[in-house]
Amino acid sequence: MEGQEFEADRVGFYLCEKAGYNPSAMQDFIERLLEYEKKHSKFSVHPIFSSHPPSYERARKIGQLMKGRGPYPPKVLTYNPGRLFYSPM
């Protein structure tokens with residue numbers, strides 16, 4: 001199952017890129033998810049996500065996809081530190 005999750009990340013990356021979005025936001029999101037997981041040692045993962053690879057590995061692989069690509073347009077969403085997700089400006 002992990003292979004399918006990595007494939008979904010790869011396809012999502014290329015779809016973002018093709019649509020003109022900055023795909024580095026994918027890596028930002030996964031890194032923030034990893035921060036959340038580290039801060040909440042009792043972070044319980046819903047069984048639906050049990051087949052997902054570790055967040056650090058997903059962020060690393062997306063980082064590899066970004067090497068030698070771009071330039072990308074600036075991100076149009078800002079990160080609100082009080083929330084896990086991006087929010088509109």
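Quantities reported herein were computed from a predicted structural model and do not represent experimental measurements.
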Is the backbone N or O of Ala59 less than 3.5 Å from a side-chain atom of Gln27, with the two atoms forming a donor-acceptor pair by type?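 Answer holds: yes.
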For residues 9-27, which residue pairs qualify under salt bridge (charged side-chain N to carboxylate O under 4.0 Å, His left out), counting only residues two or more places apart or in two chains?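 As it turns out, the salt bridge (charged side-chain N to carboxylate O under 4.0 Å, His left out) pairs with a partner in residues 9-27, which skip direct neighbours, are Glu7-Arg10, Asp9-Arg58, Glu17-Arg69.
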CG-CE distance between Asn22 and Met66, expressed to the nearest 0.5 angstrom: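 With rounding to 0.5 Å, CG (Asn22) is 7.0 Å from CE (Met66).
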d(Ser24 OG, Leu65 CG) to nearest 0.5 Å is 12.0 Å
Taking salt bridge (Lys or Arg N to Asp or Glu O under 4.0 Å) as the definition, give me every residue that meets it alongside Glu57, ordered by chain and number, with sequence neighbours left out. Arg60
Same apolar cluster: Ile30 and Leu15, side chain cutoff 4.5 Å: no
Which residues share a side chain to side chain contact (heavy atoms under 4.5 Å, CB included) with Leu34, sequence neighbours left out: Glu37, Lys38, Ser55, Tyr56
